[in-house]
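Written out below as structure tokens is the structure these notes cover.
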There are 2 protein chains.
Amino acid sequence: MRSQSSYGAELEQLEESRNRFISELSNHVHLYGITPSVGRLYGTMFFSDGPMTLDDMSEALGMSKTSMSTGIRALLDANMVERAWEKGIRKDLYQADEDWYKSFTNVFINRWRNATELNRSAIEETKEMLNDLYARVEHPEIIGKIQCDLGKLSDAQAYYEWLDEVISLFETGEIFDIVPKKKGSRKHKM
Amino acid sequence: MRSQSSYGAELEQLEESRNRFISELSNHVHLYGITPSVGRLYGTMFFSDGPMTLDDMSEALGMSKTSMSTGIRALLDANMVERAWEKGIRKDLYQADEDWYKSFTNVFINRWRNATELNRSAIEETKEMLNDLYARVEHPEIIGKIQCDLGKLSDAQAYYEWLDEVISLFETGEIFDIVPKKKGSRKHKM
DNA sequence: TATTCTGTACAGTTTTTACTGAACAAACTT
DNA sequence: AAGTTTGTTCAGTAAAAACTGTACAGAATA
């Protein structure tokens with residue numbers, strides 16, 4: 001005769017499975033500039049049946065509400081969670097954005113776009129400085145070094161121009177013409 | 001009458017320009033999983049006239065030789081620097097790989113490929129666990145949750161499959177057919 | 001207006017990471 | 001083989017980041 005398993009025990013096993021995935025996820029979200037703890041927060045919300053309050057999260061993760069607050073802000077900035085509303089609930093509600101394509105490529109685009117822009121203008125500036133210097137300098141050895149540096153910077157510049165275009169591919173969604181989205185086996189999108 | 005500027009003064013100005021760029025670079029190499037200090041080390045080698053020894057680096061950056069040793073190892077692992085040989089020099093020599101396309105896409109590919117693989121197998125495992133659980137569980141509520149989780153994981157899985165193909169684009173070099181390399185204005189490649 | 005509830009700022013603490021110097025091992029020189 | 005030179009290991013320290021609890025401000029309730 002089969003033993004009846006308790007609701008609590010079953011739930012616990014479900015939690016264990018979820019945690020299995022959340023742990024792995026949180027180990028690798030640093031690629032998107034997110035710390036493991038915040039990744040864990042995201043994972044928890046991802047599996048949550050509905051929107052969560054800060055207190056829900058605090059309890060689920062066993063961490064302070066302060067941490068939840070700052071963590072949520074990071075996830076909001078990254079557009080990985082969104083605010084939710086439910087009538088009669090005074091507390092702020094949040095839920096994970098379920099569209100991974102959107103969430104994760106967005107984060108990727110913003111971070112790389114930003115860094116690339118800054119690097120490009122740093123190259124521009126440095127080249128200007130070197131050109132100025134080139135006009136003022138008298139020692140042949142230094143002139144040679146300047147020319148060499150300018151060449152190296154041009155190479156770097158070329159790379160960043162290329163990278164810029166690659167990022168645009170994601171920004172415009174053109175990438176999805178090249179590598180089409182895969183369909184999840186889910187019945188219907190929420 | 002024009003005042004003669006000293007060699008030292010000119011060199012110092014050159015260093016200043018270089019540092020301008022190196023600082024910006026080191027602020028953003030974290031996208032490639034490299035710490036600012038190691039980024040600064042890379043930048044220093046990038047501008048160096050020739051290969052450098054650990055002692056050269058140590059002096060140039062004002063840091064311990066131990067740090068240079070570990071830093072170089074990180075850069076070697078990332079394939080961003082290579083060993084160099086010069087006859088008569090007993091110390092190990094290193095130089096920055098000048099091909100930014102190669103250096104940086106490689107780092108990118110390795111990091112993302114690795115993370116994606118691990119995440120994918122975590123999803124697989126978690127789905128298996130959930131399917132097992134599905135067979136054993138008795139409470140309808142739990143069954144509903146499991147189905148919901150499986151759906152979410154399938155969505156995530158679809159995303160990772162897509163990401164995998166995107167990474168392959170870079171791995172195979174196919175990306176360069178889509179976004180062609182830009183040429184630097186350098187006279188001749190080394 | 002007073003009272004309660006909710007999220008955040010801030011200061012202090014713990015944990016983690018980065019860095020250093022001394023000691024060591026391996027390779028080279030004599 | 002003895003003596004240098006060179007890179008790395010390791011233990012300890014300094015710096016940075018993550019996390020917490022208290023205190024507070026603003027909004028909702030009464």
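One can place NZ of A/Lys91 at 14 Å from P of D/dT29, the figure rounded to the nearest angstrom. The distance from atom CD1 of B/Ile34 to atom P of C/dT17 is 18 Å, rounded to the nearest whole Å. As rounded to whole Å, 13 Å separates atom P of D/dG7 from atom CG of B/Leu76. The distance from atom CZ of A/Arg83 to atom P of C/dT6 is 15 Å, rounded to the nearest whole Å. Atom CD1 in A/Ile72 sits about 15 Å away from atom C1' in C/dT6, given to the nearest Å. In this structure, B/Asp92 places its CG atom 12 Å from C1' of C/dA26, rounding to the nearest Å. For the pair B/Asp56 CG and D/dG7 C1', the computed distance is 14 Å after rounding to whole Å. Atom NE2 of A/His30 and atom C1' of C/dT17 are 15 Å apart (whole Å).
Close to D/dG7, at under 4.0 Å from its OP1 or OP2, lies no side-chain N or O of B/Ser69. B/Arg73 has a side-chain polar atom (N or O) that falls below the 4.0 Å cut-off from OP1 or OP2 of D/dT9.
Crowding of B/Glu165 atom CD: a count of heavy atoms from other residues, nucleotides or ligands under 6.0 Å exceeding 12.
The shortest side-chain heavy-atom distance between B/Leu14 and A/Leu130 falls under the 4.5 Å cut-off.
Counting only residues at least two apart or on different chains, the salt bridge (Lys or Arg N to Asp or Glu O under 4.0 Å) pairs with a member in residues 20-29 of chain B are A/Glu125-B/Arg20.
Under 4.0 Å is where a charged nitrogen must lie from a carboxylate oxygen, and between B/Arg18 and B/Asp49 at least one such pair does.
For the 3.5 Å distance criterion, the side chains of B/Thr116 and B/Asn119 fail to qualify, holding no donor opposite an acceptor.
Of the listed residues (A/Val29, A/Leu61, A/Ile34), just one forms a side-chain contact (heavy atoms from CB on, under 4.5 Å) with A/Arg40, and that residue is A/Leu61.
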Where protein sits on nucleotides 11-26 of chain D, one letter per nucleotide: B base, S sugar-phosphate only, - none, heavy atoms under 4.0 Å: -------SSBBB----
